[in-house]
Amino acid sequence: MKTGLETSILPAGRAAAEAAARTLAAGGLVAFPTETVYGLGADAANATAVAHIYSAKGRPAFNPLIAHVPDLAAARRIGRFDARALKLAEAFWPGPLTLVVPKTADCPVADLATAGLDTVAIRIPAHPVAEAILRAFGGAVVAPSANISGHVSPTLAAHVETDLAGRIDLIVDGGPVAVGVESTIVGCFNAPMLLRPGGLSRERIEAVLGMPLARPPVEAESDDSQPLAPGMLASHYAPRATVRLRAQDVAPDEALLAFGPDRLPGQEAAAVVMNLSPAADLDEAAANLFGYLRSLDAKAPKAIAVMTIPEEGLGEAINDRLRRAAVAR
Ligand code: TXA
Ligand code: MG
């Protein structure tokens, strides 16, 4: 593992983008903001640099990474887009959507980064800092979320620093992210398939496709050794505290993750309360989710009780992350 590194932290800007590009070209690791969460980037073509991502994060080596590019021309150099994939790319890129497509014959992405699959996950992030870094670097950048594997994804540069200082070369601080949950992943197979709900709602994707998204086969979710989107491990977004979903009340030694204007019995006496969105706005709740989980967990409550969140729009992604956080470990 690369430990004992001196991790620089630079405010976003031209100098930071240039330092990031130099670091990536030299095989280093750079954390940078995207609209969804902070990513931990490496040169996609450099297998050694990619290996350092896995060791810095403590990530299982079978779990493939998303290649980030600045535009569709760059995306088409690494993946093959059929008519439906192209339609989605044109509708939603740049944005919080990752498309899994077949690799091109001369795809430069290291096999380690795709875990030996013949498909590659690609996205164009909608964030000026990410774009500046990708353009300054000039190649594809693979980037998982910039957290220790199994921890909650980072929505602030400070979260990255907590997890990865001393293990990576550079953190570019672009302030808080806007979306707050990872990108939605769609597999562009015979039937387009929702591999991971995320920052772009199923409804918006289905409206563009004019058809429903297929669901992954059930065994893909339950079998951690052969997952379709292998990052969908059952226990993945893991606070230290136990997470109790669909809470109808709160105990005094519990933290409450609230949603909407309603109050639960016991709320006044709860150890700590944070409301994802008092106005019940699911986009606002997604943006707050990971930061609030970290803050509540830091108070070391007996458990984090979570109010019911509707399964619509970004609620599908929020509930997916919360179910993973609640899996007993
Ligand atoms: O919003 C995001 O997507 C963030 C930012 C940094 O872009 N990235 C992110 O990466 O969430 P990560 O590594 O935490 O999740 C990548 C997901 C994993 O579930 C992985 O298994 C899946 O993408 N994936 C990557 N390549 C794949 C492939 N060829 N086929 C199926 N799933 C793939
Ligand atoms: Mg992650």
Side-chain angles (χ1 to χ4, degrees), residues 30-42 44 50 53-54 56-69 78-80 92-103 107 109-127 129-131 133-134 140-155 159-160 163-164 172 174 177-189 193-200 216 220-221 224-238 286 290 314 317 320-321 324-325:
V30 177
F32 61 93
T34 78
E35 79 279 34
T36 56
V37 298
Y38 274 73
L40 177 61
V50 174
I53 288 187
Y54 290 107
K57 287 193 52 139
R59 180 175 180 126
F62 54 72
N63 195 348
L65 305 173
I66 297 170
H68 296 67
V69 291
I78 64 180
R80 287 189 281 128
F92 297 117
W93 279 353
L97 172 68
T98 294
L99 297 175
V100 174
V101 298
K103 287 179 177 172
C107 176
V109 177
D111 283 335
L112 182 59
T114 56
L117 298 170
D118 50 18
T119 54
V120 59
I122 309 176
R123 93 178 184 95
I124 303 178
H127 195 292
V129 176
E131 187 190 350
I133 292 171
L134 291 170
V141 171
V142 284
S145 50
N147 51 276
I148 294 285
S149 194
H151 286 193
V152 168
S153 291
T155 55
H159 299 155
V160 181
D163 271 23
L164 296 176
V172 178
V177 303
V179 176
V181 291
E182 298 86 347
S183 59
T184 300
I185 305 182
V186 172
C188 299
F189 311 137
M193 189 177 281
L194 182 66
L195 296 177
R196 174 176 79 181
L200 181 68
E221 293 226 21
D224 282 357
S225 64
Q226 283 293 319
L228 262 180
M232 306 285 287
L233 302 185
S235 169
H236 190 65
Y237 297 87
F290 290 140
L314 293 202
D320 172 80
R321 304 308 186 268
R324 287 167 207 288

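We count ligands from 1, going down the list as the structure has it; atoms in each ligand are counted the same way.
Between Arg123 and Glu35, at least one side-chain nitrogen of the basic residue sits less than 4.0 Å from a carboxylate oxygen of the acidic one, meeting the salt-bridge criterion.
Between Ser183 and ligand 1, a contact under 3.5 Å exists for at least one N or O pair. Distances between N or O atoms of Thr34 and those of ligand 1 include no value under 3.5 Å. Close N/O approach between Arg123 and ligand 1 is found [any backbone or side-chain N/O within under 3.5 Å]. Inclusion of Lys57 in the set of residues having an N or O under 3.5 Å from an N or O of ligand 1 is not warranted. In terms of N/O distances under 3.5 Å, ligand 1 is not approached by Glu182.
Within ligand 1, the atoms closer than 4.0 Å to a non-hydrogen atom of Ala121 are 25 (C), 26 (N), 27 (C), numbered from 1 in the order shown. Per-residue contacts place His68 under 4.0 angstrom from the following atoms of ligand 1 (heavy atoms of the residue considered): 5 (C), 6 (C), 7 (O). Close approach to Ala143 involves these atoms of ligand 1, each under 4.0 Å from a residue heavy atom: 6 (C), 8 (N), 10 (O). Each of the atoms 28 (C), 29 (N), 30 (N) of ligand 1 lies under 4.0 Å from some heavy atom of Leu117. For ligand 1, the atoms closer than 4.0 angstrom to any heavy atom of Ile185 are 17 (C), 22 (C), 23 (O). Residue Gly39 approaches ligand 1 through these ligand atoms, each under 4.0 Å from one of its heavy atoms: 6 (C).
Residues Val160 and Tyr38 approach most closely at CG2-CB, 3.7 Å, considering heavy atoms. Scanning both residues, Tyr54 and Leu112, for their nearest heavy atoms gives OH-O, 2.9 Å. When every heavy atom of Thr36 is checked against every heavy atom of Val179, the shortest pair comes out as CA-CB, 3.9 Å.
Contacts between Thr114 and ligand 1, counted as non-hydrogen atom pairs separated by less than 4.0 Å, are absent for every part of the residue. With a heavy-atom cut-off of 4.0 Å, Pro144 touches ligand 1 through backbone and side chain alike. The backbone and the side chain of Thr119 each have at least one atom closer than 4.0 Å to an atom of ligand 1 (non-hydrogen atoms only).
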Step by step, would you call Ser153 with Glu182 a side chain to side chain donor-acceptor pair (under 3.5 Å)?
CA-CA 8 Å; Ser153 291; Glu182 298 86 347; 2.4 Å; yes
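For the pair Ser145 and ligand 1, a heavy-atom separation below 4.0 Å is found.
Here the OG-CG distance, from Ser183 to Leu99, works out to 9.5 Å after rounding to the nearest 0.5 Å.
Residue contact annotation: Asn147 places no N/O/S atom under 2.8 Å from the Mg ion (ligand 2).
Put simply, the side chain of Lys57 never gets that close to the backbone of Leu164: no donor and acceptor are under 3.5 Å apart.
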